[in-house]
Amino acid sequence: MELSKNYLPTPIESKWYEHWISKNYFASKPDERESYTIVIPPPNVTGVLHMGHCLNNTIQDILIRRARMQGKNACWVPGTDHASIATEAKVVAMLREKGIAKSSLSREEFLQYAWEWKEKYGGIILQQLRKMGCSLDWDRTSFTMDPDYYDSVINVFIDLYKKGHIYRGKRMINWDVRAKTALSDEEVIYKEVQSKLYYVKYVLEGSTLANPLTEGKNGVDFITIATVRPETILGDSAICVNPNDERYKHLHGKHAYVPLLNRKIQIIPDEYVTLDFGTGALKVTPAHDMNDYQLGQKYNLEIIDTMNDDGTMSEAAQLYVGEERFAVRKKIVTDLEAANHIHKIEEYTNQVGFSERTDVVVEPRLSLQWWVSMKELATPALGAVMNDDIHFHPAKFKNLYRHWMENIKDWCISRQLWWGHRIPAWYAPDGSFAVARTAEEGLAQINSNSEKQWTLADIRQDDDCLDTWFSSWLWPFEVFKGLSDPGNKEVSYYYPTSTLVTAPEIIFFWVARMIMAGYEYKQEQPFRDVYFTGIVRDKQGRKMSKSLGNSPDLLGLIDQYGADAVRFGIMIASPAGNDILFDESALEQGRNFNNKLWNALKLVKMWESRIATNASASGTAGTTAAAKVPAEGQFALNWFKQRLNQVSAEVDTMLTQFRLSEALKTIYSLIWDDFCSWYLEWVKPGFEQPIDPVVYHKTVQYFEHLMQLLHPFMPFITEEIYHLLNEQTDDLCVKQYPAISPADTDVLASGELLKQVITALRDARNKNQIKPKETIRLHIQTNDQAAYQLIEAILMKQVNADSVQYTTATVANTIVVNIEKDKFYIEAEKQLDTAAIKAGLLKDLAYEQNFLASVMKKLSNEKFVQNAKPEVIALERKKQADAEARIQTIEESLKTV
RNA sequence: GGGAGCAUAGCUCAGUUGGUUUAGAGCAUCUGCCUUACAAGCAGAGGGUCCGCGGUUCGAACCCGUGUGCUCCCA
């Protein structure tokens, strides 16, 4: 079969993915094996694959494929999150493009559009994961609004309410006055705006003047306050000054009058106020500012809500009732000026929040919301992480987690949205309410506590939906129907899951809450290990995001480089918990690696047709010719086998410790450097020469083993090469790892020596400008001739020597190379540049002498000798002896030049 | 404003209880090779004030303090 010049990934990738699916390799059912379970962090149902998903899912696939190849029952559960805010925003935008306003639709009509949208676009991201090679069990695909899942979310709400963990409370929210809806913080966009800062005088209680504003003094008859929002004056409840502000110390606890209304309010001291902003005096409007609300809570101030939900003034404002807020701002300024309340007006630049959806200025507004009290739920969840029942990788996130959990705040779970799990609360016209699964149950509950008997027609369900995270915190058990079908075989088998792979920015939103839900509803932790990925950034260090448009098109990259190369590129430099700067050159490196593998395959396939037959036998491959294996082959075979043993053990350790990036680097180097650059060159027969059958078969076997090691990282090309190397009866995807054998360190040491000598001799050739094709004669002066005889054949081949001789004396007119205590003399036709050789030797000598000096400095330090561990001292003494021997060798060589 | 983290070669990163040959890798760079698997390659080489300052220690990239710069989360 003719193999293409370069590796062409696209057809091969789709071929193998279909094959794996047809063989059902990714499907898992409970059995007697140990389970290894990962639940996918469910991407937004409307999402498309971006670099963050790529990183995250590649890691999960590596873990799950490794587990599968270790003989575990690997189960990776796919699914999507309904993502209430994001999805609803998209549906609203889609409708707006069609000219349909959400407000013109009934809830049912809107939800119908939303479901249509979900059916149409909801599966895209899951399809894209297949392109990446993700080995998910597709039969288990879940959605946070599947019927059973939906019911479980509602039941959890009811249950927590019954247990007293859920309550109603006021909260300051971002309000969109045009859409008449609350906004999440993410939906508020801050823009720099040119505003005005109004300095408004408030008359102080106790001024004796008839016209305090015009005739009085600041701080005696009036107090001046700076504000950018004069229309909120009508809702003022207090004036606040910094307690250390000398200007106002005499006013603490005194009163002033709200302009135009003459309502009396108190002057309170609080550190919150900055001394040097405005006048140092702050008006406090608890109903219309986040920070003022906090102050209001702290000092128990009256909350006067002066605004309606459409941004017009309410009855509580007393003035301008029904008029629009910005019109009122102009009017009130005019009226304040007329009444001499305005001291001055300054230009002022500030950040103002705008609605992402309607682009109107967001209004902070108080509203009744549903809350989960977190303290009790947090306690077991904190303990589990701190005592390592749940391991964080890297562990540094434990600090962050502890701090947050120890200072946990209650969780506001209601969202003013239609797409999501509708809150199961029912309200009677008099404001009484009940939490219940159905209207009938709700009605019965309300009526049981009320003299008035309402009918079904009287009560209405809460319009709001639950926070998306209130459903996804159940994910690790509800994907196995752990709540809807408690104690079923699946949840008992797969739960607790093994590893969670996620981004650190959702450690509180999601990870912490899953742990809480796990203990609350399963009395058990949801997972054993949590692997935190980094954030993927662009080359300039910016977080990749849709709004910046700096996220590359992942499918385009897969088309261009191949999925394996993309997986390689994203993994090669991404240690757990560290951000990764995405650079397309890493993908190129991945593609080049694919190509390297492909070319190694081509070389081996070329040998296949040239396997030497046994000298006597004809026609049968010489499997019994082991004794005839050429010398270079014997050492190479043994050495590479030991390297495989060594690296298999290293990689296993690294993967167990979640050092995936390092494991990949180690395998990469084993394949590129040890296998291709050293081993294959060592066993490579001369041009058009036959290859020894033992060497050939062992090489194929090693190659297969390498593919198996690499498979979790780069599944497609490894499967392809595995099948091209040999007729196979199985697939690499499910091939079980062999037991790891210990490595022979003596053989490895010989290999290192051989590499060192080859490199040094090649360097000497280069520096002396001996052409690659020019042969040399090599003389070795050593006390350990046996060590070199073992590797002599390879050495000759690799440094293009046509003879090797052992000598006990200096060889004249040669280039001398010193390695440890041994000397190598290169005899070549080339005229020797003795000055250059001498300079090189002197440089080596200087290095060794400096090194020796640093060792001697330590050893001559009495305190070091007294205090350091014996093995450390022994090591230093060995360094000393080695360095002295090297210096002696170099000095001897210098004499002869 | 509160909290957490990061700073090592031009770039991206390793450096696993402080001692492993005066700090390692990949990419990039330089030199020489179109050698017969691979120029998306081969063989070599150069390149570092381990962010600054102070401390602990016989010994610090690593531990402690402090300053600077950057990032993330929460408000």
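Below, chains carry the letters A, B, ... as their sequence lines are ordered, and counting in each starts from 1.
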Answer with yes or no whether the side chains of A:Glu584 and A:Tyr561 bring together a donor and an acceptor at under 3.5 Å. yes

If you write RNA chain B from 5' to 3' in dot-bracket form, with Watson-Crick or G-U pairs under 3.5 Å, [ ] for crossing pairs and | for pairs with another strand, what do you get? (((((((..((((.....[....)))).(((((.......))))).....(((((..]....)))))))))))).

Contact pattern, 5' to 3', of nucleotides 23-28 of chain B - B, S or - by protein heavy atom under 4.0 Å: ---SS-

Should A:Glu662 and A:Lys665 count as an ion pair when the cut-off is N to O under 4.0 Å? no

Any salt bridge between A:Lys821 and A:Asp882, counting N to O under 4.0 Å?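 Not counted as a salt bridge, because no side-chain N and carboxylate O are separated by less than 4.0 Å.
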
Just to confirm, is there a sub-4.0 Å distance from OP1 or OP2 of [N] to any side-chain nitrogen or oxygen of [X]?
| X | N | answer |
| --- | --- | --- |
| A:Arg762 | B:G44 | yes |
| A:Asn592 | B:G41 | yes |
| A:Ser677 | B:A43 | yes |

Check nucleotides 7-10 of chain B against the protein and report each pair of N or O atoms closer than 3.5 Å, with its distance, or say if there are none.
none

Listing time: all N or O pairs from protein to nucleotides 1-3 of chain B that are below 3.5 Å?
unit_1: B:G3; atom_1: O2'; unit_2: A:His403; atom_2: ND1; d: 3.2

Options B:C73, B:U22, B:U16, nucleotide nearest the side-chain atoms of A:Gln657: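 Per side-chain heavy atoms of A:Gln657, the pick is B:U16.
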
Does any N or O donor sit under 3.5 Å from an N or O acceptor when you compare the side chain of A:Lys602 with the base of B:C38? no

Check: A:Glu681 side chain, B:A37 base, donor-acceptor under 3.5 Å: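 Under the 3.5 Å cut-off, the side chain and the base do form a donor-acceptor pair.
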
Would you mind classifying the nucleic acid contact of A:Thr759 as base, sugar-phosphate or nothing, using non-hydrogen atoms under 4.0 angstrom? sugar-phosphate

Can you pull every protein N or O that's under 3.5 Å from an N or O on nucleotides 55-63 of chain B?
unit_1: B:C58; atom_1: O2'; unit_2: A:Asn861; atom_2: ND2; d: 2.7

Residue set satisfying ring pair (Phe, Tyr, Trp, His ring centres under 6.0 Å) with A:Phe824, at least two apart, ordered chain then number -> A:Tyr788

